[in-house]
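Working notes, beginning with the structure itself.
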Amino acid sequence: MSDKKKGYRDTLNLPKTSFSMKANLVQNEPPMRKEWAKQDIYAKIREAGAGSPLYVLHDGPPYANGDIHMGTVINKVLKDFVVRYKTMTGFDAPFVPGWDCHGLPIESKVVTELGEKAREMSKPEIRKLCHKYASKYIRIQSKQFQQLGIFGDFANPYLTFKPQYEAGILEVFAELVGKGLVRKQLKPIHWSVGCETALAEAELEYKDIESPSIYVNFPVAAESVGKLKELGLAEDGDTNVHFMIWTTTPWTLAANLAIAVHPVLEYVSLRYNKDGKKVVSIVGTDRLEAVVAAAGLKEGEYRTGKPIRGQHLEGLRYVHPYIEKNPTDKDAYMVVCAQYVTTEDGTGLVHTAPGHGVEDYMTGQQYDLAIYSPVGDDGCYDETVPEWLRGKKVLEVDQEIIDHLETKGWLVKQEKLMHSYPHCWRSKIPVIFRATEQWFVSVDKEMPEVGKSLRDMALQSVKDVQWIPAWGQKRIEGMLESRPDWCISRQRSWGLPIPVFVNGKGQTLLTKESVLAVSRHIGRKGSDSWFTDSPKEILGDDFSLPEGFTFNDLKKEENIFDVWFESGCSWYSVAQKAGWPVPVDLYLEGSDQHRGWFQLSLLPALGVAGKAPFKAVLTHGFTVDEKGIKQSKSLGNYVNAQEEVGRYGADILRLWVASVNYQEDIRCNDELIGRTQDAYRKIRNTLRFLLGNLYDFDPAKDGVAYSDMFEIDRWAVQQLQKLIVQTGDAYENFVFHRVFSLIYNFSTVQMSNIYMDILKDRLYCDGAPSMSRRSCQTAMQRILDTLVRILAPILVHTAEEAWSAMKFKSQDLDSVHLAEMPRVDDSIDYKAEDQKWDKIMSLRDEVLRGLEGLRQDKTIASNQEATVTIRCAEETAKLLEGFGLEQFVALCIVSEVKLEKDAGETVVIAEKSTHQKCQRCWNYSPTVGADGEHPDICARCAETVRQSSQ
RNA sequence: GGGCUCGUAGCUCAGUUGGUUUAGAGCGCACGCCUGAUAAGCGUGAGGUCGGAAGUUCGAAUCUUCCCGGGCCCA
């Protein structure tokens, strides 16, 4: 490089900025967050928003266990987008993070770590360890959330184990008790043998297991055989007549009390030989083929009779295959009718054990059967079963029962069946259905004042909620329609006690007043006090006990609440108590929460306040791997969120979250997240170019009025207005991936490919204070200031970094996070020139394609070497002349454009320029050599150099 | 097995109430250029027949049915 060239380089206005090209996010983000913390930026934001209309996004509490994962990252980042956008559009948008702190997973972890010691420890002692454990993970997760750049009141989160929160739960509970919705029932529920507790639906994991599948003949009682003859299902001389049932849980046969048939479906007698004897089995007509196959009967080895409807079998009696005497105090061993009997599997006759199945229970209620469950908490048979079964574990006894049936001749067929079956999420053991006494919130009981049940109210109220996406409504309606009563009790230590007292006569004390009294006590002393304090201390000396109760024989029950009940009260314990209007504006969680938190918040809120706790509910999907398969550690496709943050930095992860359509499954792996870096770099470099060329621009002094700006600069401002409108619309509708693609396209196409490339000649080569340069700087300043603010909710660190690198800002604020979202400039008609620009830009495309030809055959290297002749029709020529050929030259970054009017189609002829190259601006110009002082540069450059050196 | 839901270029997304002759964009990729945004920048180009099949229609990625493959929730 010659000295002369170097000399001209120094006469250029090259970009200068402290905003580095390399982001170094992993190093640079933490100090920025430290600075935010030091300034207490969240408090400043709230302060600035005080008095503005509230917008409340109420955080759903993650479980205080383990590190955060990609799901929680997506969830909290989406929430942060919303809160920040709302803040920047003039709302007071508080964000109070919360944690779900009680429950079985924590207790299990603690008890497992304790090992044998746990057996000797008291509940308060175990609870203390659980508290410590939960607190630890709250600290860990809180830190991890803040590392993502989430803003919120992390100093004062809501925690479900805080006494004030617990008191709130009990206040809600008191109200439900007062409305008569809470009652104790013996009912089959999912029971974890491993954990010895009832399980909620949400605590079940479905896994495929192999179960026995057996066909069993239940002998018809002698007294009913005659009836069967009348019905034509048995013949004279028949002795071995049976009802054939099918089951996959042989252990529940001990609790069998009935056989269910469908009233309308048809049943038929099947005659065949078994073990040398003639036998008859009654089976469903539609299941005949399957039963025959199962029994291994070939054509000619059996015959069938005339079919009759199931309703005619009702009331017929049978003998239990291995239990001699009805163990219950109610009627048993008869045929009943039930609508849920299907012909999809089995025999059409359904083994019914009201103590061990939900449908069985319903049938039992209908026919007044006992809710018989001869199984203890530990999953072992009790004393009421035959001796050979007593004390045995029901989950291990299937084969023994099958063998017994085989020996006695009742077994028709045994097979194996693969099916999905619920398992306990903690112990991983198959769950059993077992009738126990549990506390329920009734969803079908009519409430006295409203005259409606919770279910009716819920189905009505969801119509007034905005569901995003809209199908959320259908989904939750389906769940509400089919959900059973809510079992809210658990038999564990780590939770909020259900405040029930029992007197010596076994009478229960549970009234609105008693619950409120307990609530006051626990609000002061925490829920540990339930286990340590006496009923008198808890209720208070002055509590007036109802008749029949005295403090002398009053005992406390030791059930705790389902954790879903606890989190389901957050709208009250958090939102209402903070003074936020309920319903709050938005709940935002994964789509699994339609059944979970959304539904289980809705029910208490309706019971207590008579209205839904949310105005809108937004849900997101789950992360899957690059093939769309769900992620799990065992499949090896699990993405560790902490590692990703450590590798790329929070802004990359946030940008990735913004880039995907969260309403569907979200494909995610390290590579996909890593690719977001490309987009990040492009956006960052766009900001950098803008910043670098505004180092000497003061909008107040140097700004150019819109009407005086160069056309292309006005175009850029028009494009910016479109961006403001479209991103605003996307943000408003929570369509963040549209915000992302709009910004990314704007940065790439409008800015980088077109505008910034075109601008370089003016910015670098024209005089620093020249009108031409100030014109584009005016546009660039606007673009920068706007882009940074639109980006702020997403790229929280990078936007802040750019903001502090800006010399002049639309708002004189230390942090971009205190700034407002840009608004469209009403004085600019940004659509008016669209048609003209479409034509100009497509002409430009044609020129560029023509130049590519010259480059391919090595005639030219850069576009500046070229002279372009456009042969075109009058109309096009007029357009170009009106636009200004000089402007079009700049637009194409060529040295010269000539027009030739012609009637035909537009033809672009590109040639190598015949002029000399200016050593300063690299354009080829006839004026090079004309200036005596600077013979190797063009006239424009010579003039500029002269002026700036004065 | 049931409810809800998804399946457009390698990736991330657009494709309005079915209809502007070759289904769009950006990225990535290939090739080329520049070296005054430089671990940057510019240009050109090649990639999908819309998960599959059948149907409705003058006409379907867009409506219907079935099938295949995912996801969430449940049984």
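Just so we're on the same page: letters track the sequence lines, and every chain starts at 1.
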Have a look at B/rG47 and give me syn or anti from its glycosidic angle (syn if within 90° of zero). syn
Tell whether A/R667 reaches the base of B/rC11 with its side chain through a donor-acceptor pair below 3.5 angstrom. no
State the pairing partner of B/rU57; accept Watson-Crick or G-U wobble contacts with both distances under 3.5 Å, and report none otherwise. none
Distance, rounded to the nearest Å, where A/L672 contributes CG and B/rG28 contributes C1': 12 Å
Look at the side chain of A/K630 and decide which nucleotide, out of B/rG71, B/rC73, B/rC42, has an atom nearest to it. B/rG71
Could you tell me the separation between the CD1 atom of A/I629 and the P atom of B/rG69, rounded to a whole number of Å? 11 Å
Taking atom types as they are modelled, would you say the side chain of A/T686 forms a donor-acceptor pair with the base of B/rA37 within the 3.5 Å cutoff? no
According to a strict under-4.0 Å criterion, is A/K858 in side-chain N/O contact with OP1 or OP2 of B/rC33? yes
Value in whole Å for how far the C1' atom of B/rA46 lies from CZ of A/R849: 15 Å
Flag if over 12 foreign heavy atoms under 6.0 Å of NZ, A/K630: no
Compare side-chain N and O positions of A/S752 against OP1 and OP2 of B/rC42 and report whether any pair is under 4.0 Å apart. yes
Given that A/I754 and A/P422 both sit by RNA chain B, which one's nearest nucleotide is further toward the 5' end? A/I754
Does a nitrogen or oxygen in the side chain of A/R681 sit under 4.0 Å from OP1 or OP2 of B/rA39? no
I'd like to know if A/D665 reaches the base of B/rG70 with its side chain such that a donor and an acceptor end up less than 3.5 angstrom apart. yes
